[in-house]
Amino acid sequence: EMYYQDLEIKKCDSNNRCLYLSNEFNPRTGRLKTNPKISIVEVQKCNGPLRIIDDGVFDEAENNLALTKDDFAENILQGKTGFDNFAFDEFSKIFDFIIKIIESK
């Protein structure tokens, strides 16, 4: 999942839900650095290695703003607007590795 470009990962769907990166939040307060009205419930997810956040992100009206990874993938699969022109070049590394494993048997 980290093979997507940051702009692709952060793409919002038609309901204004999106994936977030853990480094977008203040690790002490859990507030989104670019919009403090948005916060993450599990602040500990903001510490440690970079990760994708797909749940527990809310605005001041307690609306869930997080897009699940499943919904993100489904939007790409269905070619929904905004999700229809992603770069998949980096994923070829995974397939090349799988081919090497198969060929080594």
Is there a side-chain contact between [X] and [Y] in this structure, where contact means two heavy atoms from C-beta onward sitting under 4.5 Å apart?
X     : Y     : result
Lys10 : Glu24 : yes
Phe58 : Val41 : yes
Tyr20 : Leu67 : no
Asp13 : Phe72 : no
Ile52 : Ile9  : yes
Ile76 : Tyr4  : yes
Ile38 : Val57 : yes

Check: Would you call Glu42 and Lys45 a salt bridge, using N to O less than 4.0 angstrom?
Finding: yes
Checklist line | Ion pair Arg17/Asp55, N-O distance below 4.0 Å | finding: no
Whether the side chain of [X] engages the backbone of [Y] through a donor-acceptor N/O pair (distance < 3.5 Å, no angle test) should be reported.
X      : Y      : answer
Ser22  : Arg51  : yes
Asp54  : Lys69  : yes
Glu103 : Lys100 : no

Next item on the list: Take atom CG of Leu7 as the centre, draw a 6.0 Å sphere, and report whether it contains more than 12 heavy atoms from other residues, nucleotides or ligands.
Entry: no
Next item on the list: Give a yes or no on this: more than 12 heavy atoms of other residues, nucleotides or ligands lie within 6.0 Å of atom CG of Asp96.
Entry: yes
Nearest-0.5 Å distance, [atom1] of residue [X] to [atom2] of residue [Y]:
X     : Y     : atom1 : atom2 : value
Asn16 : Asp59 : CG    : CG    : 9.5 Å
Asn26 : Arg31 : CG    : CZ    : 9.5 Å
Ser92 : Phe97 : OG    : CZ    : 14.0 Å
Asp70 : Asn75 : CG    : CG    : 11.0 Å
Leu65 : Ser39 : CG    : OG    : 9.0 Å

Honestly curious: do [X] and [Y] fall in one hydrophobic cluster under the side-chain, below-4.5 Å linking rule?
X     : Y     : answer
Phe25 : Leu50 : no
Val43 : Leu32 : no
Ile40 : Leu21 : no

Next item on the list: Grab the two heavy atoms, one from Lys11 and one from Gly82, that are nearest each other, plus how far apart they are.
Entry: CE-O, 3.3 Å
Margin query: Minimum heavy-atom separation for Cys46 and Pro27, please, with both atom names.
Written below: CB-CA, 3.8 Å
